[in-house]
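This report concerns only the one structure given below.
For ligands, and for the atoms within them, numbers begin at 1 and follow the listed sequence. In what follows, every heavy atom counts, from backbone to side chain, and hydrogens, waters and symmetry copies are set aside.
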Amino acid sequence: MEKVKIVIAGPRGRMGKEAVKLVMETENYELVGVLDHRHEGKNLAELEGFTNVDALVYTDIHKCFKEQQPDVLVDLTTPEVGMEHTVTALEFGVRPVVGTTGFSSGDLSKLEDLCKQTGLGCIIAPNFAIGAVLMMKFSQLAAKYFNDVEIIELHHDQKLDAPSGTAVKTAEMISTVREAKQQGHEDEKETIVGARGANYDGMHIHSVRLPGLIAHQQVMFGSDGQTLSIRHDSYNRASFMSGVKLAVDTVMKNDTFVYGLENIIE
Ligand SMILES: NC(=O)c1ccc[n+]([C@@H]2O[C@H](COP(=O)([O-])OP(=O)(O)OC[C@H]3O[C@@H](n4cnc5c(N)ncnc54)[C@H](O)[C@@H]3O)[C@@H](O)[C@H]2O)c1
Ligand SMILES: O=C(O)C1=N[C@H](C(=O)O)CCC1
């Protein structure tokens with residue numbers, strides 16, 4: 001069986017380490033290289049915390065792709081770096097699976113256009129945890145019946161982007177079915193700026209950052225005399241890996257741009 005040749009960007013990060021483990025443990029995957037901003041030319045095995053790995057570290061994506069000719073790039077870095085990597089991958093004929101969050105809607109349109117031009121598959125997944133994808137789908141369903149909704153996302157305090165990619169995606173999915181409404185009292189005033197959170201189409205998103213948390217989201221709906229809460233919790237980063245695997249397997253078969261795993265889970 002031919003192996004899927006994979007490059008991981010951000011291998012020393014919290015998600016990257018889990019992804020390296022996933023690739024090493026999956027029979028038909030081969031880790032052909034990793035992209036870091038340090039340690040050019042070393043073997044990942046020489047770096048702290050890695051055992052049973054054999055992959056060259058590159059700091060130059062062009063050199064990495066030329067030498068290794070990967071099938072798939074798994075990007076788990078930062079928004080700016082992730083966008084650059086994804087564009088370069090598509091230009092090189094490498095299929096991107098992107099977990100990095102914080103892309104703008106303009107970034108997503110640019111990537112969609114590039115996919116059309118190149119005929120390559122690309123998957124951008126704000127959340128790889130299947131439970132989180134279901135939480136978003138259930139929230140979208142509930143929003144047909146409840147116009148009033150507050151999204152509360154809670155993450156560890158090392159997270160760079162706010163609101164989270166998951167919260168933005170949830171708001172986007174809800175707004176496809178929710179009757180437009182500016183929530184709260186029309187004379188509502190914030191006495192401390194930001195008290196009502198971010199405003200997306202009249203609904204509010206609140207970002208909590210605390211050490212001890214991993215990734216959590218509660219979507220709260222309210223109407224006359226009742227509330228409905230839909231919540232998902234990731235307690236470790238292994239929770240994201242079955243979604244990463246699904247995305248890698250799917251991107252090898254698909255030639256389209258996919259934003260969100262809800263579009264590929266059955
Ligand atoms: N989609 C999901 O399910 C999911 C889950 C968790 C995290 N995330 C997202 O994944 C990203 C990474 O999260 P994390 O918690 O692992 O962060 P992290 O800070 O632990 O890891 C990011 C890694 O990127 C590396 N990096 C920075 N610049 C680089 C460059 N130029 N080339 C290569 N590597 C570079 C850093 O050294 C770091 O090791 C974030 O955007 C986060 O929001 C997504
Ligand atoms: O740890 C993070 O950072 C996470 N980011 C994603 C987001 O922004 O939605 C998903 C969960 C973890």
Identify, for [atom], the protein heavy atom at the shortest distance, and state residue, atom and that distance.
| atom | value |
| --- | --- |
| atom 22 (C) of ligand 1 | Leu76 O, 3.7 Å |
| atom 33 (C) of ligand 1 | Leu35 O, 3.2 Å |
| atom 39 (O) of ligand 1 | Gly13 N, 3.2 Å |
| atom 9 (O) of ligand 2 | Thr166 OG1, 2.4 Å |
| atom 20 (O) of ligand 1 | Arg14 N, 2.8 Å |
| atom 3 (O) of ligand 2 | Lys159 NZ, 2.9 Å |
| atom 1 (N) of ligand 1 | Ala125 O, 2.8 Å |
| atom 44 (C) of ligand 1 | Gly99 O, 3.0 Å |
| atom 29 (C) of ligand 1 | His37 CD2, 3.5 Å |
| atom 3 (O) of ligand 1 | Phe128 N, 2.8 Å |

- Message: I need the contact type for Phe240 against ligand 1. Using non-hydrogen atoms and a strict under-4.0 Å cut-off, is it side chain, backbone, both or neither?
- Response: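 Looking at Phe240 and ligand 1, just side chain atoms fall under 4.0 Å.
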- Task: Of the side chain and backbone of Pro126, name the one, both, or neither that has a heavy atom under 4.0 Å from an atom of ligand 1.
- Result: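 Pro126 to ligand 1: backbone contact only, side chain stays beyond 4.0 Å.
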- Query: Where do His155 and Leu213 land on the side-chain contact (heavy atoms from CB on, under 4.5 Å) test, with the steps shown first?
  - Reply: CA-CA 5 Å; His155 282 83; Leu213 294 171; 5.7 Å; no
- Item | Minimum heavy-atom distance between Pro11 and Phe50, given as atom pair plus value |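 The pair with the smallest heavy-atom distance is O-CZ, 3.3 Å.
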- Under 3.5 Å, N or O to N or O, is Arg237 touching ligand 2 that way?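 N/O-N/O distance below 3.5 Å does not exist for this pair.
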- Item | Test of proximity, Gly165 against ligand 2: N or O pairs below 3.5 Å |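 Yes.
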Flag for [Y]-[X]: side-chain donor and acceptor within less than 3.5 Å:
| X | Y | result |
| --- | --- | --- |
| Tyr200 | Glu172 | no |
| Thr176 | Gln140 | yes |
| Glu112 | Tyr259 | no |

Atoms in ligand 2 flagged as close to [X], the criterion being non-hydrogen separation under 4.0 Å:
| X | answer |
| --- | --- |
| Thr101 | 6 (C), 7 (C), 8 (O) |
| Ser164 | 7 (C), 8 (O), 9 (O) |
| Asn127 | 10 (C), 11 (C) |

Ignoring hydrogens, just give me the one of [options] whose non-hydrogen atom is nearest [atom].
| atom | options | value |
| --- | --- | --- |
| atom 13 (O) of ligand 1 | Met15, Glu80, Lys169, Arg38 | Met15 |
| atom 6 (C) of ligand 2 | Ala129, Gly99, Pro126 | Pro126 |
| atom 40 (C) of ligand 1 | Thr77, Leu160, Val133, Ile8 | Thr77 |
| atom 43 (O) of ligand 1 | Thr101, Asp161, Thr166, Thr100 | Thr101 |

Check each heavy atom of [X] against ligand 2 and say whether those closer than 4.0 Å belong to the side chain, the backbone, both or neither.
| X | value |
| --- | --- |
| His156 | side chain |
| Ala215 | side chain |
| Glu153 | neither |

- Query: Can a non-hydrogen atom of Gly102 be found less than 4.0 Å from any atom of ligand 1?
  - Reply: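 Heavy atoms of Gly102 never come under 4.0 Å of ligand 1.
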- Heavy atom of Lys159 under 4.0 Å from ligand 1?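 Contact check Lys159 vs ligand 1: positive.
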- Message: Run Phe240 and Phe128 through ring pair (Phe, Tyr, Trp, His ring centres under 6.0 Å) and show every step you take.
- Response: CA-CA 5 Å; Phe240 301 113; Phe128 286 117; 7.5 Å; no
- List every atom of ligand 1 that sits less than 4.0 Å from any heavy atom of Arg12, numbering the atoms from 1 in the order shown and giving each element.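 Once the distances to Arg12 are compared, the set is 39 (O).
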- Task: Heavy-atom contacts with Asn127 under 4.0 Å: which atoms of ligand 1 show up? List them by number with element.
- Result: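 Listed by number with element, the hits are 1 (N), 2 (C), 3 (O).
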- Intermediate values then yes/no, side-chain contact (heavy atoms from CB on, under 4.5 Å), Asp255 and Leu120: CA-CA 5 Å; Asp255 294 331; Leu120 287 170; 5.9 Å; no
- Query: Hey, what's the ring geometry for Phe146 with Phe221, parallel, tilted or perpendicular (30° and 60° as the breaks)?
  - Reply: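 Tilted, since the angle between the ring planes falls between 30° and 60°.
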- Which one of Glu150, Arg231, Glu153, His232 satisfies the side-chain hydrogen bond (donor to acceptor under 3.5 Å, both in side chains) criterion with Gln218?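 By the side-chain hydrogen bond (donor to acceptor under 3.5 Å, both in side chains) criterion, Gln218 pairs with just one of Glu150, Arg231, Glu153, His232: Arg231.
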- Item | 4.5 Å side-chain heavy-atom contact, Val74 and Val248 |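 Side-chain contact under 4.5 Å: yes.
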Please answer whether the main-chain N or O of [Y] pairs with a side-chain N or O of [X] as donor and acceptor at a distance below 3.5 Å.
| X | Y | answer |
| --- | --- | --- |
| Arg95 | Asp71 | no |
| Asp107 | Lys110 | no |
| Glu190 | Arg196 | yes |
| Thr100 | Asp75 | yes |
| Asp201 | Ser175 | no |

- Within-cut-off N or O pair, Ala9 and ligand 1, under 3.5 Å: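 No; every N/O pair is 3.5 Å or more apart.
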- Message: side-chain contact (heavy atoms from CB on, under 4.5 Å), that's the test. Do Gln69 and Lys5 meet it? Break it down for me.
- Response: CA-CA 8 Å; Gln69 303 283 323; Lys5 293 195 279 175; 4.1 Å; yes
- Query: Is the NZ atom of Lys21 crowded by more than 12 outside heavy atoms at less than 6.0 Å?
  - Reply: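 12 or below, so no.
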